[in-house]
Protein chains: 2
Amino acid sequence: MDRIDHGIIDRLRLNARAGYADIGAEVGLSASAVKRRIDRLVADGVIRGFTVQVDPAVEGLATEAYVELFCRGTVSPTDLKRILAGVPEIVEAGTVTGEADAIVIMRARDVIALEDALEKVRAAATVDHTRSAIVLSKLITRTAG
Amino acid sequence: MDRIDHGIIDRLRLNARAGYADIGAEVGLSASAVKRRIDRLVADGVIRGFTVQVDPAVEGLATEAYVELFCRGTVSPTDLKRILAGVPEIVEAGTVTGEADAIVIMRARDVIALEDALEKVRAAATVDHTRSAIVLSKLITRTAG
DNA sequence: TGCCGTGGTCGATTCGATCCATACGCACGA
DNA sequence: TCGTGCGTATGGATCGAATCGACCACGGCA
């Protein structure tokens, strides 16, 4: 992970379908050297995968919510992970400092679908209650971009 | 945006570097037909770009926080956007329902850098106070996956 | 019937995967 | 000190595969 690797990753972030020769021209390496480095980055797990950024509105996942999770007693992160893994609407989740035990980001087609998904989370015995904040308008979206 | 388009996007989501022929074999189209559809999806803005998923820890952005923003009086989303756009550590932000005016997701190298970034947000005159929740452990990460 | 959108085929070109020779850094021992 | 061997990284050449663009065929529709 030197400066060149970071340069390659930056280029791939902008366009994951860029050719090796193009990337090489920008970072000052030959195409084969670039390929070797990318292969190594993938093998090492630094690059987890190549994907597309899709307009969320088109995908039909226009409704998003941040949900604070409050649990009964003490729940291990492992248990929490198992509970949340079963809800596909959950995009991101993590245990956090502060009042809540975890914060969950959910994405669904509409508010109805969101409520259904939220109900699935609430159904877990360990979940005491939740506090939701539905996203009204997106101000900044720099995820993978 | 028919069923085939969704199939193509699903394939690309898993591997944005997949060949047209491979994708075509899965959705039942020839390679050139797949290319035409992908070109159209890009031109129409459905596909915003091709990117890589990088291990955040390797990228040196190991510390993440969810921050609730409370503003003085009423602040328009436009003003809020302008304020937040100047802080590069902000990954995502949106106005929300509920107590807080907005929720901001920040990512930084460590807690120190996070605090610095948070200070920049707090410096804005319209920001009354903030409530942060630092992520202890990531449970689910399905962003673009 | 003519037009438009969509898909298949084909050939020229480009790109990617793989091998080979080479250069640098470094430890080891004569 | 010098030479040798090893591991790592690079650049170039090669061959096969993928991509790109042009052309034509088919079906729905006014």
Side-chain angles (χ1 to χ4, degrees), chain A residues 1-62 107 109-110 141-145, chain B residues 1-62 107 109-110 141-145:
Chain A
M1 281 305 294
D2 56 5
R3 176 147 290 281
I4 295 179
D5 281 333
H6 278 101
I8 290 174
I9 288 177
D10 285 345
R11 284 300 303 167
L12 284 177
R13 222 199 279 282
L14 293 175
N15 179 18
R17 284 179 85 87
Y20 295 134
D22 292 337
I23 297 172
E26 305 225 19
V27 300
L29 242 57
S30 74
S32 54
V34 171
K35 174 177 160 46
R36 263 191 302 268
R37 279 176 179 262
I38 292 179
D39 288 345
R40 180 173 50 77
L41 288 171
V42 171
D44 292 352
V46 176
I47 294 176
R48 290 188 178 171
F50 301 89
T51 185
V52 282
Q53 296 169 278
V54 181
D55 187 346
V58 175
E59 267 298 273
L61 299 171
R107 211 172 280 163
R109 202 176 61 254
D110 48 37
T141 310
R142 295 209 187 105
T143 314
Chain B
M1 282 305 295
D2 55 5
R3 175 148 291 282
I4 295 179
D5 281 332
H6 277 101
I8 291 174
I9 287 177
D10 285 345
R11 284 285 131 205
L12 285 177
R13 222 198 279 282
L14 293 175
N15 179 18
R17 284 180 85 87
Y20 295 135
D22 293 337
I23 298 172
E26 305 222 22
V27 301
L29 241 59
S30 74
S32 53
V34 171
K35 173 177 158 45
R36 265 194 295 265
R37 278 177 179 260
I38 292 179
D39 287 346
R40 181 174 51 78
L41 288 170
V42 172
D44 292 353
V46 176
I47 293 176
R48 290 188 179 170
F50 301 89
T51 186
V52 282
Q53 296 168 277
V54 180
D55 187 345
V58 175
E59 268 296 273
L61 299 170
R107 213 171 280 164
R109 203 177 59 253
D110 48 38
T141 310
R142 295 208 189 105
T143 314

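By convention in this document, chain letters (A, B, ...) are assigned in the order of the sequence lines, proteins followed by strands, and residues within each chain are numbered from 1. This structure is a prediction, so every number in the text was calculated from the model and none was measured.
Taking CZ of A:F50 as the start and CG of B:L14 as the end, the distance is 13.5 Å to the nearest 0.5 Å. Interatomic distance, A:R37 CZ to A:L29 CG, rounded to the nearest 0.5 Å: 5.5 Å.
The CG atom of B:L29 sits 12 Å away from the P atom of C:dT6 (whole-angstrom rounding). A straight line from CG of A:D44 to P of D:dT8 spans 12 Å, rounded to a whole angstrom. Regarding A:D2, its CG atom lies at a distance of 15 Å from the P atom of C:dG25, rounded to whole Å. D:dA22 atom P lies 13 Å from atom CG of B:D39, rounded to whole Å. In this structure, the CZ atom of B:R37 is 17 Å from the P atom of D:dC20, given to the nearest Å.
Contact detail for B:M1 and B:L41: the closest heavy-atom pair is SD-CD2, 3.6 Å.
Side chain of A:S30, nearest nucleotide from C:dG7, C:dT18, D:dG11: D:dG11. Among the nucleotides D:dT10, D:dC20, C:dG7, the one closest to any side-chain atom of B:K35 is D:dC20. Across D:dT19, D:dG21, D:dG11, the shortest atom-to-atom separation from the side chain of A:R17 is found for D:dT19. Nearest to the side-chain atoms of B:A33 among the listed nucleotides C:dG7, D:dA9, D:dG21 stands C:dG7. Distance from the side chain of A:Y20 is smallest for C:dG16 among the nucleotides C:dT18, C:dG16, D:dT19.
Nearer to the 5' terminus of DNA chain D, by closest-nucleotide assignment, is the contact made by A:G28 (compared with the other of A:G28 and B:G19).
A:R36 comes within contact range of at least one nucleobase, with a heavy-atom separation under 4.0 Å.
Look at B:R40 and B:D5 and you find a salt bridge, because one of the NZ, NE, NH1 or NH2 atoms lies within 4.0 Å of a carboxylate O, short of that distance.
Remark: A:R40 is not in phosphate contact with D:dT8, judged by side-chain N or O atoms under 4.0 Å from OP1 or OP2.
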